[in-house]
Amino acid sequence: MKQEKILIMGACGQIGVELTLALRQQYSNAQVIASDLRDEAHPLLEGSGPYYKLDATDIKAVAELVQKESITQIYLLAALLSATGEKMPMKAWEINMNSLLQVLELGVEQKLTKIYWPSSIAVFGTTTPKNDTPQKTIVEPTTVYGISKYAGELWCQYYHRRWGLDVRSLRYPGLISWKSAPGGGTTDYAVEIYHEALKHKAYTSFLSENTYLPMMYMDDAIRGTIELMEAPEDQIRSRMAYNLSAMSFSPKEIAAAIQKHIPDFSISYAPDFRQAIADSWPSSIDDSAARSDWHWKHEFDLDKMTADMLKNLEK
Ligand code: NAD
Ligand code: SER
């Protein structure tokens with residue numbers, strides 16, 4: 001059997017850094033090629049695996065690298081997220097859609113064994129049921145980011161149906177991590193708050209106090225991603241992205257969790273344009289399909305995540 005060789009695009013981002021390090025542990029440094037538009041992110045130097053500067057929308061360069069490195073799997077993480085996307089809608093559409101369509105075409109041409117491409121809770125909009133949002137429901141996204149994610153899911157499903165391409169996807173909630181910074185999302189407040197709590201014992205949230213959103217600790221997201229990708233093909237019953245859930249909390253609740261460790265921490269609120277985006281998203285997600293199809297299970301709740309975030313950021 002041909003040895004798997006994985007290409008990660010967007011490897012210097014919030015997810016990419018940790019996913020690259022985790023996949024290098026699972027396979028080997030040499031089998032996991034990291035790439036991004038940016039210079040190599042510092043935490044990736046730890047593992048000293050291969051790194052390329054690569055534009056995910058430059059299909060010629062991507063195809064050449066796939067050939068040169070005998071790539072068998074692609075993880076496409078390069079994207080503009082929700083808040084940045086609203087500032088540059090056409091650019092977000094171009095990056096998010098063109099990179100995906102080109103990778104799907106390449107997947108068929110080069111007979112790639114698997115492709116991973118993440119979707120988001122941003123596919124849901126104001127007409128979607130807000131609590132315990134089901135896997136299949138009304139989907140009318142309000143942001144260009146959400147539109148690109150929903151269109152992307154349909155393309156992934158199409159390539160699987162039409163060409164048998166093994167492309168898998170998750171609708172991540174907001175992700176919280178300490179190793180790498182988030183890159184322009186609406187859920188970024190839930191990372192910034194820990195940094196500010198340690199530095200200044202105060203934080204001004206750009207979302208209002210009772211804005212509940214689905215959230216997840218990065219450790220769970222990385223494990224879930226690898227478990228999805230390693231699951232036997234017959235367990236993957238949805239070729240649209242799977243809902244994935246761990247917890248739901250508001251700015252007021254995360255502040256209270258931090259105050260258990262830093263009693264004099266204080267939070268204030270100054271909602272900006274990201275409030276409307278957050279208001280259009282679900283408060284909580286029903287991920288029972290992922291739990292029953294490929295046995296997804298989260299490990300971190302708000303208190304466990306808060307203790308781990310503060311411990312690691314303090315270091
Ligand atoms: P991020 O913004 O932190 O990282 C994205 C990376 O892509 C950056 O390093 C950026 O330099 C790179 N990039 C942008 N354009 C590129 C291009 N043309 N070519 C190559 N690289 C390019 O984002 P992230 O949080 O790591 O998200 C990764 C994926 O997961 C995205 O598809 C995002 O939509 C999805 N997602 C993230 C979250 C979250 O909370 N972080 C939630 C849901 C879905
Ligand atoms: N965390 C992401 C964002 O806020 C959700 O996809 O954009």
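Below, each value reflects all heavy atoms present in this structure, side chains not excepted, and no hydrogens, waters or symmetry copies. Both ligands and their constituent atoms are indexed starting at 1 by order of listing. Note that the structure is predicted; figures quoted are calculated from it, not measured.
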Inset, instruction - For L77, counting its heavy atoms only, list the atoms of ligand 1 lying under 4.0 Å from any of them. - result: 28 (C), 29 (C), 31 (C), 32 (O)
Legend entry - Top protein contact for atom 41 (N) of ligand 1, by heavy-atom distance: Q14 OE1, 2.9 Å
Legend entry - Contacting atoms of ligand 1, where contact means under 4.0 angstrom from a heavy atom of G183: 2 (O), 3 (O)
Inset, instruction - Applying side-chain contact (heavy atoms from CB on, under 4.5 Å) between I8 and each of L23, L44, I33, report the one that passes. - result: L23
Inset, instruction - May I ask you to identify the nearest protein heavy atom to atom 1 (N) of ligand 2, giving residue, atom name and distance to one decimal place in Å? - result: T187 OG1, 2.7 Å
Inset, instruction - Under 4.0 Å from a heavy atom of D55: give me the atoms of ligand 1 that qualify, with their elements. - result: 17 (C), 18 (N), 19 (N)
Legend entry - ligand 1 versus L80: contacting region, heavy-atom distance under 4.0 Å: neither
Legend entry - Residues D166 and R168 bridged, charged N to O under 4.0 Å: yes
Inset, instruction - Would you mind listing which atoms of ligand 1 come within a distance below 4.0 Å of any non-hydrogen atom of A56? - result: 17 (C), 18 (N), 19 (N), 20 (C)
Legend entry - Interfacing atoms of ligand 2 (cut-off 4.0 Å, heavy-atom, T186): 3 (C), 4 (O), 7 (O)
Legend entry - Single-linkage hydrophobic cluster Y52~Y27, side-chain heavy atoms < 4.5 angstrom: no
Legend entry - N-O pairing of E153 and R239 below 4.0 Å: no
Legend entry - Nearest-neighbour protein heavy atom for atom 9 (O) of ligand 1, which is reported as residue plus atom name and distance: D36 OD2, 2.7 Å
Inset, instruction - Would you mind telling me if ligand 2 is within reach of the side chain of S82, the backbone, both or neither, using heavy atoms under 4.0 Å? - result: both
Inset, instruction - Starting from atom 23 (O) of ligand 1, find the nearest protein heavy-atom neighbour and note its residue, name and distance. - result: L81 CD1, 3.3 Å
Legend entry - Salt bridge D287-R291, side-chain N to carboxylate O under 4.0 Å: yes
Legend entry - Closest protein heavy atom to atom 43 (C) of ligand 1, given as residue, atom name and distance to 0.1 Å: Y172 CB, 3.3 Å
Inset, instruction - Identify the two heavy atoms, one from L165 and one from V108, that lie closest to each other, and give their separation to 0.1 Å. - result: CD1-N, 4.0 Å
Inset, instruction - Could you tell me whether I15 and ligand 1 have an N or O pair separated by under 3.5 Å? - result: yes
Legend entry - For L54, atoms of ligand 1 separated by under 4.0 Å from a heavy atom: 19 (N), 20 (C)
Inset, instruction - Report the part of K149 (side chain from C-beta onward, or backbone N, CA, C, O) that has a heavy atom under 4.0 Å from ligand 1; answer both or neither where that applies. - result: side chain
Inset, instruction - Mark yes or no for whether T137, through its side chain, and T133, through its backbone, hold a donor-acceptor pair below 3.5 Å. - result: no
Inset, instruction - Would you mind running through ligand 1 and noting each atom that sits below 4.0 Å from a heavy atom of S120? - result: 43 (C), 44 (C)
Inset, instruction - Indicate, as side chain, backbone, both or neither, the part of Y145 found under 4.0 angstrom from ligand 1 when only non-hydrogen atoms are considered. - result: side chain
Inset, instruction - Please check if L104 and I6 belong to a single hydrophobic cluster, counting links between Ile, Leu, Val, Met, Phe, Trp and Tyr side chain heavy atoms closer than 4.5 Å. - result: no
Inset, instruction - Check S238 against D293 and note the closest heavy-atom contact, atom names and distance. - result: N-OD2, 4.4 Å
Inset, instruction - Among all protein heavy atoms, pick out the one at the shortest distance from atom 13 (N) of ligand 1; state its residue, atom name and that distance to 0.1 Å. - result: A78 CB, 3.9 Å
Inset, instruction - Output yes when the distance from some N or O of ligand 1 to some N or O of G13 is under 3.5 Å, and no in every other case. - result: yes
Inset, instruction - Would you kindly specify which portion of P173 sits under 4.0 Å from ligand 1, judged on non-hydrogen atoms: side chain, backbone, both or neither? - result: backbone
Inset, instruction - Examine L207 and L302 and state if one hydrophobic cluster contains both, with Ile, Leu, Val, Met, Phe, Trp and Tyr joined whenever side-chain heavy atoms are less than 4.5 Å apart. - result: yes
Legend entry - Salt bridge flag under 4.0 Å for residues K53 and D36: no
Inset, instruction - Please check if the side chain of S119 supplies one atom and the backbone of R171 the other of a donor-acceptor pair under 3.5 Å. - result: no
Legend entry - Least distance between heavy atoms, M215 atom then P173 atom: N-CB, 3.7 Å
Inset, instruction - Give a yes or no on whether Y145 and M240 share a hydrophobic cluster (residues Ile, Leu, Val, Met, Phe, Trp, Tyr; joining criterion: side-chain heavy atoms under 4.5 Å apart). - result: no
Legend entry - Interfacing atoms of ligand 1 (cut-off 4.0 Å, heavy-atom, A79): 7 (O), 31 (C), 32 (O)
Legend entry - Residue H195 excluded, over 12 heavy atoms near NE2 under 6.0 Å: yes
Inset, instruction - For atom 40 (O) of ligand 1, find the nearest protein heavy atom and state the residue, atom name and distance (0.1 Å precision). - result: L175 N, 3.0 Å
Inset, instruction - If you have a sec, work out which protein heavy atom is nearest atom 21 (N) of ligand 1 and how many Å separate them, to one decimal? - result: L37 N, 3.4 Å
Legend entry - R38, any N or O under 3.5 Å of ligand 1 N or O: yes
Legend entry - S119 contact mode with ligand 1 (heavy-atom cut-off under 4.0 Å): backbone
Inset, instruction - Answer with yes or no whether M9 contacts ligand 1, where contact means a heavy atom under 4.0 Å from a ligand atom. - result: no
Legend entry - Cationic N near anionic O, under 4.0 Å, D301 to K304: no
Inset, instruction - Flag Y172 as yes when one of its N or O atoms lies below 3.5 Å from any N or O atom of ligand 2, and as no otherwise. - result: no
Legend entry - Any N/O pair W281/ligand 2 closer than 3.5 Å: no
Legend entry - Geometric cation-pi criterion K130 and W281, 6.0 Å radius, 45° cone: no
Inset, instruction - Check whether any heavy atom of V17 sits under 4.0 Å from an atom of ligand 1. - result: no
Legend entry - Lys/Arg N to Asp/Glu carboxylate O, R223 vs E299, below 4.0 Å: yes
Inset, instruction - Compute the shortest N/O to N/O distance between S120 and ligand 2 and return yes if it is under 3.5 Å, no if not. - result: yes
Legend entry - Contact check: G10 vs ligand 1, nitrogen or oxygen atoms, below 3.5 angstrom: no
